[in-house]
Amino acid sequence: MTNPLLPLELQILACVTLLAFSGWVLYLVRLQSLSLRDSLLWLLSTGVVVVFAIFPRLLQDLARAIGVQVPSNALFALAILYLTLNVLSLTIVLSKESIRTRRLAQECALLRPELDAMRARVERL
């Protein structure tokens with residue numbers, strides 16, 4: 001008998017943990033603390049990891065396909081790539097929101113004198 005790539009207990013623990021994480025993401029969406037767009041990315045990546053947890057041979061095949069000898073190293077490399085892309089995505093969103101906030105502040109500053117002038121006209125009437 002050969003040793004399995006991932007012991008059954010570890011597979012079950014991984015699946016339960018990942019399903020709990022997915023439930024938490026859905027709960028955050030329900031509370032509107034997490035946008036639907038962002039939740040889809042988390043749910044998709046969690047689903048991929050669940051597949052690797054259920055079928056660890058796929059991870060071994062993937063590692064062999066990309067030329068990595070140890071499957072866990074392939075998993076870490078993919079995780080680092082995923083996190084890097086996620087951080088880049090969040091940085092782009094943050095940059096756009098920063099530009100939008102600055103524009104709104106500038107528009108408010110430009111409208112303030114006009115609002116004060118209108119208030120003064122109303123008070124005179």
Side-chain angles (χ1 to χ4, degrees):
M1 183 172 157
T2 61
N3 285 338
L5 286 175
L6 199 59
L8 182 61
E9 297 84 10
L10 191 56
Q11 282 181 305
I12 292 171
L13 178 66
C15 289
V16 167
T17 303
L18 291 166
L19 290 175
F21 178 75
S22 295
W24 183 45
V25 168
L26 293 174
Y27 176 73
L28 290 173
V29 169
R30 188 168 171 249
L31 290 179
Q32 297 180 347
S33 297
L34 183 64
S35 73
L36 187 58
R37 189 191 113 218
D38 294 333
S39 70
L40 292 176
L41 182 65
W42 286 110
L43 292 173
L44 179 68
S45 62
T46 303
V48 169
V49 177
V50 166
V51 169
F52 283 140
I54 294 172
F55 305 107
R57 186 81 52 203
L58 289 175
L59 183 60
Q60 189 176 33
D61 294 341
L62 176 67
R64 191 176 303 119
I66 61 175
V68 177
Q69 291 184 359
V70 181
S72 62
N73 288 347
L75 183 63
F76 286 128
L78 291 174
I80 289 171
L81 177 64
Y82 167 76
L83 291 173
T84 302
L85 292 174
N86 199 357
V87 168
L88 177 63
S89 161
L90 292 174
T91 302
I92 290 168
V93 169
L94 184 64
S95 179
K96 286 180 182 178
E97 291 300 317
S98 174
I99 291 169
R100 184 170 172 248
T101 302
R102 187 177 331 113
R103 283 186 187 154
L104 284 171
Q106 290 170 347
E107 286 180 23
C108 285
L110 291 172
L111 290 174
R112 175 57 96 187
E114 189 176 328
L115 179 63
D116 290 341
M118 290 179 85
R119 281 184 182 158
R121 272 190 249 141
V122 167
E123 287 176 3
R124 276 187 265 145
L125 294 176

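Every value quoted in this text rests on a predicted model; they were computed, and no experiment measured them.
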Checklist entry - Is there a side chain to side chain contact (heavy atoms under 4.5 Å, CB included) between Cys15 and Ile54 once you walk through the steps? => result CA-CA 8 Å; Cys15 289; Ile54 294 172; 3.6 Å; yes
Side-chain heavy atoms under 4.5 angstrom apart, residues restricted to Ile, Leu, Val, Met, Phe, Trp, Tyr: same cluster for [X] and [Y]?
X	Y	value
Leu83	Leu90	no
Ile12	Leu19	no
Leu28	Leu41	yes

Checklist entry - With Asp38, which residues qualify under side chain to side chain donor-acceptor pair (under 3.5 Å), at least two apart? => result Ser35
Item to check | Partner set under side chain to side chain donor-acceptor pair (under 3.5 Å) for Ser22, not counting sequence neighbours | outcome: none
List the atom pairs, donor and acceptor, that lie under 3.5 Å between side-chain atoms in residues 114-125 and the rest of the protein, sequence neighbours left out.
none

How long is the straight-line distance from [atom2] of [Y] back to [atom1] of [X], given to the nearest 0.5 Å?
X	Y	atom1	atom2	answer
Phe76	Leu81	CZ	CG	15.0 Å
Ser45	Phe21	OG	CZ	6.5 Å
Ser89	Arg37	OG	CZ	5.0 Å
Trp24	Trp42	CH2	CH2	9.0 Å

Are [X] and [Y] side-chain neighbours, meaning at least one heavy-atom pair lies under 4.5 Å?
X	Y	value
Thr46	Val25	no
Arg30	Ser39	no
Leu43	Leu26	yes
Leu62	Leu78	yes

Checklist entry - Tell me, which pairs form a salt bridge (charged side-chain N to carboxylate O under 4.0 Å, His left out) where one or both residues lie in residues 78-99, sequence neighbours left out? => result Glu97-Arg100
Item to check | Shortest non-hydrogen contact between Ala63 and Ala74, atoms and distance | outcome: CB-CB, 3.7 Å
Checklist entry - Which ILVMFWY residues are connected to Ile92, directly or by a chain of links, through side-chain heavy atoms under 4.5 Å apart? => result Leu88
Checklist entry - Which residue pairs pass the side chain to side chain donor-acceptor pair (under 3.5 Å) test with at least one member in residues 60-75, sequence neighbours excluded? => result Arg57-Gln60, Asp61-Arg64
